[in-house]
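This report concerns only the one structure given below.
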Amino acid sequence: MSLWLGLTCAAAADRAKVLNVYAWSEYFPTALIAKFQAETGIHVNYAVLDSPETAETILSVGHSDYDIVTMNAAPELAREIPKGFWRKLDPSAIPNARNADPQIMQLLKSVDPGNQYAVPWMWGTTGLIYNSEKIKAIMPNAPLDSLDMILKKDIAAKFAGCGISMLDSWGDVLPMVARYIGQPRLSANKAELDAVMAKLQEIQPYLRRIATAGYYQQLAEGELCLAIGYSGDAMIARRMVNESHGNVKLDYSFSREMVPFYIDSLVIPADSANPAAALAFINFVMRPEISASVTRFIGFATANAAAVPLLEPAIRSNTIVYPPPAIRQRFEFQAVYSPEEARAFTRAWLLFKSGL
């Protein structure tokens, strides 16, 4: 018995020096992880999150063994907080959280009343990422500011040869398709949902990939020429081109039909085995210089207001990262759906993907 207790205590002590992170690719660069480990002696295991729906499924089962997760504010946090997925934060342990942008914090209150569970990390939009030279060569007058680029059959057919991709996330894609065909909101009503899926099925033969992870690398390498993707991923792809000394020219546009807006936040699972390390990590990354270094590296807009003045003018004036006021006025949070609606959308999406 004493041996068992000794092993248990040793395991607990070891776990106190381990932080398991579940986050989007490159959200915490290697240099950042190394600095945190050196300062704290806490080892970081980094698992890559490739779909908010997958993450939600894993977390809903419990005992995920994750200590910190980057989760989208809407709709995920909006429906997960009432279900008890997340641990309330201890403000005294994260004084650097006060650096968060007040406007972003105010928006977060709509899903996290009182800002009790989440600290905003990065934010961005969903739009069109495209290889400008290939697109221009194929269609000089391409409607670059419209979802026509992918959702209009005749136009999608022109670009199929150079590679079209869309995010593997019904929560991102289906509302955009619904708006494109004139629906004010994505609906689980059979006739309306069938119309959305019919539009997707119409252009399905012209899609090369449905993916949320890795598609930006294929854009950077010229294997894809067009995608529905995240603004931050457009910046990552551009960085990859520069690092490889490539000649691919990538641009990003906000679709005139809809500008989806997201906030990825830092949250701690309710059953985290090491919440103290998670709080230490949040406090670390919310230092202005740390947050600024990440935006500088990956190109997502930081939600840390104190970090913005540390960024170079070229980043602060980059309209992909920080859109102009006219675009910001059109930002739309993703709607929160009932469990029945979510199941209907998930089924429709899986059926659509199975036909690719």
Run the numbers on Phe284 and Lys35 for side-chain contact (heavy atoms from CB on, under 4.5 Å), then give the verdict.
CA-CA 10 Å; Phe284 172 80; Lys35 183 174 176 61; 3.8 Å; yes

Give me the ring orientation class for Phe352 and Trp349: parallel if the planes are under 30° apart, tilted from 30 to 60°, perpendicular past 60°.
tilted

Shortest non-hydrogen pair, Val241 vs Ala220, comes out as CG2-O, 3.5 Å

Test item: Thr212 side-chain N/O and Asp168 main-chain N/O as donor-acceptor pair under 3.5 Å
yes

Taking atom CZ of Phe159 and atom CG of Asn131, what is their separation to the nearest 0.5 Å?
10.5 Å

Show your reasoning for whether side-chain contact (heavy atoms from CB on, under 4.5 Å) applies to Gln37 and His43.
CA-CA 6 Å; Gln37 290 179 155; His43 177 75; 3.4 Å; yes

Strictly under 6.0 Å, is that where the ring centroids of Phe281 and Phe28 end up?
yes

Donor-acceptor pair, distance only, cut-off 3.5 Å: does the side chain of Thr295 make one with the backbone of Ala292?
no

So, the side chain of Arg328 versus the backbone of Phe331: is there a donor-acceptor pair under 3.5 Å, distance only?
no

Whether Gln183 side chain and Glu192 backbone form a donor-acceptor pair below 3.5 Å
yes

Interatomic spacing from CZ in Arg330 to CD in Glu257 - rounded to 0.5 Å:
8.5 Å

Report the C-alpha distance between Tyr215 and Leu219 in whole Å, list the side-chain angles of each, state the deciding distance to 0.1 Å, and finish with yes or no for side-chain contact (heavy atoms from CB on, under 4.5 Å).
CA-CA 6 Å; Tyr215 75 98; Leu219 282 162; 3.9 Å; yes

Side-chain H-bond candidate by donor/acceptor type, Asp65 with Asn20, under 3.5 Å
yes

Decide yes or no for Ile155 and Pro143: does some side-chain heavy atom of the first lie under 4.5 Å from some side-chain heavy atom of the second?
yes

If the threshold is 4.0 Å, N to carboxylate O, is there a salt bridge linking Arg79 and Glu341?
no

Counting only heavy atoms from other residues, nucleotides and ligands, does the tally under 6.0 Å from CD of Gln103 exceed 12?
no

Taking Arg316 for its side chain and Val321 for its backbone only, find out whether a donor-acceptor pair lies under 3.5 Å.
no

Contacts of type ring pair (Phe, Tyr, Trp, His ring centres under 6.0 Å), residue Phe300, not counting sequence neighbours
Tyr27

Heavy atoms only: give me the nearest Leu108-Ala73 pair and the separation to one decimal.
CD2-CB, 3.6 Å

Please enumerate all residues that pass side chain to side chain donor-acceptor pair (under 3.5 Å) together with Ser25, with sequence neighbours excluded.
Tyr216

Taking the side chain as everything from C-beta on, heavy atoms only, tell me whether Trp123 gets closer than 4.5 Å to Leu107.
no

For side-chain hydrogen bond (donor to acceptor under 3.5 Å, both in side chains), just list the numbers for Tyr117 and Ser265, CA-CA rounded to whole Å, side-chain angles, deciding distance to a tenth of an Å, and then say yes or no.
CA-CA 9 Å; Tyr117 293 90; Ser265 296; over 6 Å; no

Glu223/Arg209 salt bridge by N-O under 4.0 Å criterion:
no

Is there a path of hydrophobic side-chain contacts, each under 4.5 Å between heavy atoms of I/L/V/M/F/W/Y residues, joining Met176 to Val336?
no

Side chain proximity check, Tyr337 to Pro175, heavy atoms < 4.5 angstrom:
yes

Tyr206 side chain to Ile164 backbone, donor-acceptor under 3.5 Å:
no

Would a distance-only check, ignoring hydrogens and angles, find a side-chain to backbone donor-acceptor pair under 3.5 Å from Asp67 to Asn274?
yes

Find out whether Gln334 and Pro260 are in side-chain contact, i.e. whether some heavy atom of one side chain is under 4.5 Å from a heavy atom of the other.
no

Using a strict threshold of under 4.0 Å (side-chain N to carboxylate O), is an ion pair present between Lys199 and Glu202?
yes

Side-chain contact, heavy-atom cut-off 4.5 Å: Ile203 with Met166?
yes

Is there a path of hydrophobic side-chain contacts, each under 4.5 Å between heavy atoms of I/L/V/M/F/W/Y residues, joining Phe36 to Tyr46?
yes

Please check if the side chain of Arg296 supplies one atom and the backbone of Leu310 the other of a donor-acceptor pair under 3.5 Å.
yes

Is there a side-chain contact (heavy atoms from CB on, under 4.5 Å) between Asn45 and Leu19? Walk through the geometry before answering.
CA-CA 6 Å; Asn45 294 318; Leu19 178 72; over 6 Å; no

Quick one: side-chain hydrogen bond (donor to acceptor under 3.5 Å, both in side chains) pairs with a partner in residues 80-89, sequence neighbours left out?
Glu80-Trp86, Lys88-Gln116

Side-chain heavy-atom pair Asp101, Pro120 within 4.5 angstrom cut-off
no

Examine Tyr252 and Met139 and state if one hydrophobic cluster contains both, with Ile, Leu, Val, Met, Phe, Trp and Tyr joined whenever side-chain heavy atoms are less than 4.5 Å apart.
yes

Give, for atom CE of Met122 and atom OG of Ser231, the distance between the pair rounded to the nearest 0.5 Å.
11.5 Å

If I compare all heavy atoms of Phe345 with all of Trp170, which pair ends up nearest, and what's the gap?
CD1-CZ3, 3.4 Å

Neighbour count above 12 (heavy atom, 6.0 Å) for Arg98 CZ
no

Any side-chain heavy atom of Val285 sitting closer than 4.5 Å to one from Val294?
no

Rounded distance (nearest 0.5 Å) linking atom CD1 of Ile228 with atom CG of Asp233:
13.5 Å

By ring pair (Phe, Tyr, Trp, His ring centres under 6.0 Å), Tyr262 pairs with (sequence neighbours left out) Tyr230

Would you compute the distance between atom OG of Ser255 and atom CG of Leu128 and round it to the nearest 0.5 angstrom?
6.0 Å

So which heavy atom on Ala278 is nearest to which on Ile68, and how close?
O-CD1, 3.9 Å

Backbone of Ile298 reached by a side-chain donor or acceptor of Glu26 within 3.5 Å
no

How far apart are the closest heavy atoms of Leu226 and Met149, and which atoms are they?
CD2-O, 3.5 Å

Partner residues of Phe297 under the ring pair (Phe, Tyr, Trp, His ring centres under 6.0 Å) criterion, sequence neighbours left out
none

dist Asp90:CG -> Leu279:CG (nearest 0.5 Å) comes out at 6.0 Å

Side chain Asp50, main chain Ala213, donor-acceptor under 3.5 Å
no

Just wondering, do Glu332 and Val259 contact through their side chains at under 4.5 Å, heavy atoms?
no

Establish whether Ile181 and Leu207 are linked, either directly or via other cluster members, by ILVMFWY side-chain heavy-atom contacts under 4.5 Å.
yes

Do other residues, nucleotides or ligands put more than 12 heavy atoms under 6.0 Å from the CD atom of Gln217?
no

Contacts satisfying ring pair (Phe, Tyr, Trp, His ring centres under 6.0 Å) that involve residues 57-80 (not counting sequence neighbours) are Tyr22-Tyr66

Between Pro275 and Ile268, the two heavy atoms sitting closest are O-CD1, 4.2 Å

